[in-house]
Amino acid sequence: MAEKSKSLDLRARMRNALQGGGEKAIEKQKATGKLTARERIIAVLDPKTFHEYDLFVQHAGKDFDMGKKYLPGDGVVTGTGTILGHPVCIYAQDFTVAGGSLGYMHAKKITKIMDHAMKLKVPLIGINDSGGARIQEGVNSLAGYGEIFYRNTQASGVIPQISVILGPCAGGAVYSPALTDFVFVVDKISKMFITGPEVIKTVLGEEISMEALGGARTHAEITGNAHFYAESEMECFGQIKQLVSFIPWNNFKKADPFPPKKPNTRKFKIDDIIPNDPKEPYDVRDLIKAVVDDSDFFEIQELFAANIVIGFARLEGQTVGFVANQPLVLAGVLDVDSSDKAARFIRYCDAFNIPLVTFVDLPGYLPGVEQEHAGVIRHGAKLLYAYSEATVPKITLIVRKAYGGGYIAMCSHHLRADFVFAWPSAEIAVMGPEGAANIIFRKEIQEAKDPNALREAKIAEYKEKFANPYVAAAYGYIDAVIEPAETRHFLTHALSISSNKSVESPKKKHGIPPF
Ligand code: HXC
């Protein structure tokens, strides 16, 4: 009997703790289109796999009458479960409890589950919905954030860290996500900023809405802080599952192999994708889909710096990270944002044993005062650094233009690509034929009887000499000039023979990338 009453007592305590911030607060949460913290965790994980811990943790606040307040679970739900059979550690801040604000014990719960993730070597998923540091708990809240940031940094490159922004995330609540690998946002629900519209108005006199300042679209398109954008929470959870299917549990593992599938070559005809006119654009994603398994390409940061495309796909069942210039946007040039975007992705793939495939078609770096003053030298150097540093298999295909610095930066042999292939349409030169002819034959053109005719003749001469892959191939900078239809075969062969690649980097504590 005594045992039964203890069980009843446990159930009553659980009911009390599971109520979160109570009916009213939950109603308010739902009215804004948001799920509750536990509903979110259950929706992300495989059915019936969620195990919650630290349900009875209580806050440690004493000031401002906090001692009298009961904050169920201290505003955060933590536990373990699986996604597609992969074990994961997870936490979700509960906005219905003190706005999901982070106090001392709230932070302890998060750091405890982070420590578990590191010990178990499994991915960590953080669902953020928080007003930031709990104001009443003062320096203990700040300390809590510091402990989280430290762990995010230690875990970086060891376990995948995934952040989901599902509410107004202010102050400290945005820096932990910024230190993680992938940030997911949802239209109208996600907000991220260091200082909100009120502070901006007070300090600077500028008026801006929360949505325009730090809404989902802003972070997916303009700042690049978000990697995945969804229209609803459920769509976002589907994206997380897809991502988890492509990546390994930790940096000692490879991603799970999937059954190989042929690309949909009826929909994506590789011979028809590149226009005959080298100045005409095309969508490089079609090219990727024409060669990868099931034509399934999982794009990352689709809306940000769209002049470069990054994402995961599979070749013969094995996960591969793709980096490709996008001729549809700014002719595929490299600039500050596209260099940042690609460099970070390359480092992710390298840390997690994911081979890299690079498709090249670019006229070089974007010229202009704006880019120079925005630090295109420093940002562009990140790409050189990331490719040079990466020791995973690196395979490059030059599709069309590979001009100037762009040729070097897009994983040339000189940055230690393992294999560089080129299509017959490849043009590898210091710059495009028009620009080159105008510079090297300027005097002759100016002095000619018919400058236009001579210019055209010189352009044709330059094209004949350099606008092809054979000069580079003659020096061994290209390993094979291949027909488009042979692309998948060459890529999969190169990948399979590189599977035991091993490269010793110089012994050092760490390099100093141009952050
Ligand atoms: C304590 C907080 C809180 C906080 C919200 N709440 N933020 N309690 N500390 N930081 C509480 C509210 O008092 C309220 O409690 C409940 O959460 C819901 O908040 P509302 O304001 O009613 O919700 P909403 O209108 O949706 O506005 C959400 C919000 C707003 C935009 C997040 O609450 C807000 O601006 N909060 C403060 C954000 C902020 O400046 N945080 C500090 C950042 S400094 P009741 O009891 O009424 O339900 C920081 C330092 C770390 O984080 C820096 C590290 C680098």
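Counting starts at 1 for both ligands and their atoms, following the listed order.
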Give one line per pair: atom of ligand 1, protein atom, distance. Only N/O to N/O under 3.5 Å.
| residue | atom | partner | partner atom | Å |
| --- | --- | --- | --- | --- |
| ligand 1 | 9 (N) | I135 | N | 3.1 |
| ligand 1 | 10 (N) | G131 | O | 3.1 |
| ligand 1 | 10 (N) | A133 | O | 2.9 |
| ligand 1 | 17 (O) | G99 | N | 3.1 |
| ligand 1 | 22 (O) | K28 | NZ | 3.3 |
| ligand 1 | 41 (N) | G131 | O | 2.6 |
| ligand 1 | 52 (O) | A133 | N | 3.1 |
| ligand 1 | 52 (O) | G172 | N | 2.8 |

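In this structure, CD1 in I308 is found 7.0 Å from OG in S339, a value given to the nearest 0.5 Å.
Using the six-membered ring where Trp is involved, W249 and H86 have ring planes that are perpendicular, over 60° apart on the 30 and 60° scheme.
For R314 and F246, the positive end sits near the middle of the six-membered ring, less than 6.0 Å away and at most 45° from its axis. By the 6.0 Å and 45° rule, K34 stacks over the aromatic ring of F95. With a 6.0 Å cutoff to the six-membered ring centre and a 45° limit on the axis angle, R217 counts as a cation-pi contact of Y229.
The stretch residues 53-68 participates, sequence neighbours left out, in these side chain to side chain donor-acceptor pair (under 3.5 Å) pairs: Y53-T80, D54-K112, D65-K68.
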